[in-house]
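First comes the structure, then the notes that go with it.
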Amino acid sequence: MPQPTVAAPLPEITTPVSPALRIVADRTQTDEHRLKPLVDGTVTALTPSDILLLRRILRDASDEDTIRNEAANHLQANQVADLADDCSAVLVQAGERPRFRSFAAQHLGLVWLDACKQNAKEKAVALQPRLNALLIDRDVEVRREALLALVRGGDTAGLAEAARLLASDDASDPAVPAMRDLALRIAGETRQVASIPRMRMFLTNPDPIVRTAAIIALGKLGDRESRAAIEAATKDKNLLVAGAAKSALAAIDRGPSESAKPATKETEL
């Protein structure tokens, strides 16, 4: 698969940035103080220098994850064209940890989905291989973000990978158990009615996250045959499982709906 494109180095900032962003860039301040302008509405309209500063923060592997992610959020909100390249740079540069690499993958997926929605075909076509490449990334956290974005965009490779993960019992592939809850979630969201028998197998899985995902998915599909097992799960010691079971029961008892129909071209996410 093609590897993510490495972005060119960023130029130096030669003109003043806004006062609020000077605080964000000041590494002598506490992280809390630096973060505040990014989350309290202080940072609004961005100048070209502001944008360049936020891009530099995003791509600085030595900076704090939350600050970097909020920088990406502002770039995303302002539809900065270079955000995809910056995310790709983060994904391949040295010193990045799985957590922030997954943030970069998430933002890359959002840029791609936005291009798809806006019918920006050239941009969407250019970004899609980058996300496809992330399906075999070294970090499961990155794979998860890429897979969810690709599925929501109707990408055939993403849908095939989600189906593979749901069907597989390959103990040698660490992605199979690590992404099983996501595969179940996708099966429910994309209305994979044919996968219901497989999904039922995970109602008693030892992992409460997997049990929860199976319960939610089967509830979305209105699977009445799972009702007894889901009702029993309302007494699960894990509160997340029990809460999901109660919601799923309500969905099943409402009866068949559009959510129980297989996905078609018109009903894809």
Side-chain angles (χ1 to χ4, degrees), residues 39 65-66 69-70 73 97-103 105-107 109-110 113 134-135 137 139-152 158-159 161-171 173-261 263 269:
V39 298
D65 282 359
T66 304
N69 190 51
E70 286 301 328
N73 284 337
R97 295 179 295 275
R99 181 172 185 259
F100 196 78
R101 292 186 75 244
S102 74
F103 292 171
Q106 182 184 59
H107 284 290
L110 291 172
L113 286 169
L134 297 180
L135 292 176
D137 189 85
D139 293 324
V140 169
E141 297 92 334
V142 171
R143 294 189 190 194
R144 289 175 67 92
E145 296 296 343
L147 180 60
L148 187 57
L150 287 166
V151 166
R152 286 180 167 170
L159 290 164
E161 176 64 1
R164 182 191 75 81
L165 290 167
L166 181 61
S168 178
D169 290 311
D170 184 1
D173 182 356
V176 170
M179 297 180 69
R180 182 155 280 150
D181 64 303
L182 180 58
L184 285 161
R185 173 182 171 185
I186 288 170
E189 289 186 0
T190 57
R191 305 165 184 86
Q192 300 300 317
V193 175
S195 296
I196 285 177
R198 174 68 175 171
M199 295 160 71
R200 290 175 187 148
M201 296 172 63
F202 300 105
L203 287 171
T204 56
N205 191 274
D207 186 341
I209 295 175
V210 172
R211 293 203 303 278
T212 298
I215 288 167
I216 292 172
L218 290 165
K220 281 181 178 290
L221 295 174
D223 182 34
R224 297 199 65 82
E225 289 187 41
S226 297
R227 195 187 187 289
I230 293 175
E231 185 171 17
T234 62
K235 299 178 177 62
D236 196 285
K237 293 180 180 178
N238 185 288
L239 295 180
L240 183 64
V241 174
K246 291 174 184 176
S247 296
L249 278 182
I252 291 170
D253 290 343
R254 283 195 295 269
S257 66
E258 290 298 310
S259 64
K261 295 181 180 180
L269 293 177

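Quick caveat: nothing in here was measured; it's all calculated off a predicted structure.
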Is there a side-chain contact between [X] and [Y] in this structure, where contact means two heavy atoms from C-beta onward sitting under 4.5 Å apart?
X	Y	result
Arg101	Asp137	yes
Leu147	Leu165	yes
Asn69	Arg99	no
Asn73	His107	yes
Asp207	Arg180	no

Supply the atom-to-atom distance [X] [atom1] to [Y] [atom2], rounded to the nearest 0.5 angstrom.
X	Y	atom1	atom2	result
Phe100	Glu141	CZ	CD	14.0 Å
Leu221	Ser195	CG	OG	9.0 Å
Leu249	Leu218	CG	CG	11.5 Å
Lys235	Lys246	NZ	NZ	9.0 Å
Asp253	Glu231	CG	CD	8.5 Å

[X] to [Y] - nearest heavy-atom pair and separation:
X	Y	answer
Ala149	Leu113	O-CD2, 3.6 Å
Leu184	Ala214	CD1-N, 3.9 Å
Leu150	Gly158	CB-CA, 4.1 Å
Ala105	Glu145	CB-CB, 3.9 Å
Met199	Gly188	CE-N, 4.3 Å
Val140	Ala175	CG2-CA, 4.5 Å

Original post:
Of all residues at least two apart in sequence or in a different chain, which pass the salt bridge (charged side-chain N to carboxylate O under 4.0 Å, His left out) check with Arg200?
Top reply: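 If we apply the salt bridge (charged side-chain N to carboxylate O under 4.0 Å, His left out) test to Arg200, skipping adjacent residues, the hits are Asp223, Glu225.
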Original post:
For Arg97, what residues pass the salt bridge (charged side-chain N to carboxylate O under 4.0 Å, His left out) criterion, not counting sequence neighbours?
Top reply: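 Expected list: Asp65.
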Side-chain donor/acceptor of [X] to backbone N/O of [Y], under 3.5 Å:
X	Y	result
Arg198	Leu166	yes
Arg144	Ala178	yes
Arg185	Ala213	no
Gln192	Thr190	yes

**OP:** Check the pair Arg211, Asp181 against side-chain contact (heavy atoms from CB on, under 4.5 Å), reporting the backbone distance first and the verdict last.
**Re:** CA-CA 8 Å; Arg211 293 203 303 278; Asp181 64 303; over 6 Å; no
**OP:** Check the pair Ser168 / Asp173 against side-chain contact (heavy atoms from CB on, under 4.5 Å), numbers first and verdict last.
**Re:** CA-CA 9 Å; Ser168 178; Asp173 182 356; 5.7 Å; no
Subject >> Gln106 and Leu148: CA distance, side-chain angles, deciding distance, side-chain contact (heavy atoms from CB on, under 4.5 Å) verdict >> reply: CA-CA 9 Å; Gln106 182 184 59; Leu148 187 57; over 6 Å; no
**OP:** For the pair Val241 and Ile215, evaluate side-chain contact (heavy atoms from CB on, under 4.5 Å) and give the outcome as yes or no after the intermediate values.
**Re:** CA-CA 8 Å; Val241 174; Ile215 288 167; 3.7 Å; yes
Original post:
CD1 of Ile209: more than 12 outside heavy atoms within 6.0 angstrom?
Top reply: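 Not buried by this count: 12 neighbours or fewer within 6.0 Å.
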